[in-house]
Amino acid sequence: MKKSTLRRTLFATAAASGTAVLMMAGLAGASAHVSADPNKTAANSYALLTFGIPHGCDTFGTTKVAISLPEELTDAQPTVNPNWTVEKVTETLAEPKKLDDGTTITKRTSQIVYTAKAPLDPHLRDALVLSVKLPDAAGKTLYFPTLQTCEQGQTDWSEIPKEGQDAHELKAPAPSVTITPAEAPGDHHAASTVSTEQASAVTDDGSQARSWAGLIAGIAGLVLGGAAFFRSRSAKTAVAKVDAK
């Protein structure tokens, strides 16, 4: 085999390995903060917000997660998670508020509190899902300050970026959702079913573990493939030398 072909083979192997390493780093980074992943962001629509709960207190398990709702929301419907109990916390409004349907309310749901039936292992993640009605405010970002309490200590995910500041610069950013323009009548292509969203949220830990396993297996395959290539190359060289005698 020509040297140029050998160089291309080694370069491709190194590039694939480097890509796998970067993907693994991305998976680790993605699980570092409490985040809100919506299935829809269209203004004036109902959306499922999946809050990914990672480790938040080093080696101590998570015992409670309190999600505060922004003032733009008056209520949220929590999805049942078998690992947690859940309750709504309400507050009395400073003055009555008239809703789009014409009704008037004097109280609103200000917080959803999930309490773990057993501390969440710091090496595992879980997902908590809320159903909310997004306001008719395209372009606005809603923040959901979240207090994660652990067996020892707590992490307050409540930092909100200042104007012009990159949220990635924050140490403990609040989960957020940015509202997009309302869907045109009859446009349902962006909608996801409740069962699909909840299934993907509940099985998040398993899929992430499979992703890690797949990446590791891929890297191992690349290494073994490289080793086999060099063994084959060495064997062909030895045979060529014997035939030449």
Side-chain angles (χ1 to χ4, degrees), residues 29-56 62 64-91 99-100 105 108-116 120 124-149 155-161 167-168 170 172-183 187-208:
S31 63
H33 301 120
V34 171
S35 59
D37 182 22
N39 74 322
K40 294 179 68 176
T41 57
N44 205 34
S45 67
Y46 286 92
L48 292 174
L49 310 183
T50 300
F51 291 80
I53 309 301
H55 65 84
T62 299
K64 182 180 293 186
V65 176
I67 304 171
S68 296
L69 303 184
E71 293 182 356
E72 291 81 358
L73 301 183
T74 59
D75 194 20
Q77 188 70 27
T79 300
V80 173
N81 184 312
N83 301 318
W84 309 73
T85 59
V86 60
E87 65 174 325
K88 290 184 177 183
V89 177
T90 60
E91 68 175 4
L99 303 181
D100 294 337
I105 60 173
R108 80 174 190 106
T109 301
S110 60
Q111 197 174 62
I112 303 295
V113 180
Y114 281 91
T115 302
L120 175 63
L124 301 177
R125 300 178 73 251
D126 207 340
L128 307 176
V129 183
L130 302 182
S131 174
V132 302
K133 172 70 177 299
L134 298 177
D136 190 6
K140 187 175 184 60
T141 298
L142 304 180
Y143 293 94
F144 297 78
T146 301
L147 181 62
Q148 182 177 8
T149 301
T155 300
D156 189 7
W157 305 99
S158 62
E159 293 182 326
I160 296 175
H168 293 91
L170 303 177
S176 63
V177 173
T178 299
I179 301 174
T180 55
E183 297 175 352
D187 183 9
H188 303 294
H189 69 277
S192 300
T193 63
V194 174
S195 59
T196 300
E197 284 295 317
Q198 293 177 351
S200 93
V202 172
T203 58
D204 180 74
D205 293 334
S207 63
Q208 186 168 357

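Remember, it's a predicted structure, so these values are computed and weren't measured experimentally. Numbering of residues begins at 1 and proceeds along the displayed sequence.
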Checklist entry - Does the pair Leu134 and Val132 meet the rule for a side chain to side chain contact (heavy atoms under 4.5 Å, CB included), with working shown? => result CA-CA 6 Å; Leu134 298 177; Val132 302; 3.9 Å; yes
Next on the checklist: If you apply the rule side chain to side chain donor-acceptor pair (under 3.5 Å), what do you find for Asp75 with Thr109, and how did you get there?
Outcome noted: CA-CA 5 Å; Asp75 194 20; Thr109 301; 2.7 Å; yes
Next on the checklist: What verdict does the side chain to side chain donor-acceptor pair (under 3.5 Å) test give for Thr41 and Thr180, after you've listed the backbone C-alpha separation in whole Å, the side-chain angles of each residue and the deciding distance to 0.1 Å?
Outcome noted: CA-CA 6 Å; Thr41 57; Thr180 55; 2.9 Å; yes
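With contacts defined as side-chain heavy-atom distances shorter than 4.5 Å, the pair Val113/Gln111 qualifies. Residues Ile179 and Leu142 form a side-chain contact, since some pair of their non-hydrogen atoms from C-beta on lies under 4.5 Å apart. The side-chain heavy atoms of Leu99 and Ile105, taken from C-beta on, include a pair separated by under 4.5 Å. Considering only heavy atoms from C-beta on, Glu72 stays 4.5 Å or farther from Lys133 through its side chain.
For Phe144 and Phe51, the gap between ring centers is short of 6.0 Å.
Taken from CD1 in Ile67 to CD1 in Ile53, the straight-line distance is 6.0 Å, to the nearest 0.5 Å. For the atom pair CG (Leu147) and OG1 (Thr149), the distance works out to 4.0 Å, reported to the nearest 0.5 Å. We find the CG-CG distance between Leu130 and Leu69 to be 7.0 Å, quoted to the nearest 0.5 Å. Atom-to-atom distance recorded for Glu71:CD and Ser110:OG is 10.5 Å, nearest 0.5 angstrom. In this structure, the separation between CG on Asp126 and OG1 on Thr62 is 9.5 Å, given to the nearest 0.5 Å. Distance CG/Leu128 to CG/Leu49: 11.5 Å, rounded to 0.5 Å.
Side chain of Gln148 to main chain of Pro54: a donor-acceptor pair is present (N/O by atom type, distance under 3.5 Å, no hydrogens or angles).
Annotation for Pro78 and Tyr114: closest pair CB-OH, 3.4 Å, computed over non-hydrogen atoms. Closest non-hydrogen pair, Lys88 versus Ile112, comes out as CG-CD1, 3.7 Å.
Within a 6.0 Å radius of NZ in Lys140, other residues, nucleotides and ligands contribute 12 heavy atoms or fewer. Surrounding NZ of Lys64 are at most 12 heavy atoms belonging to other residues, nucleotides or ligands under 6.0 Å away.
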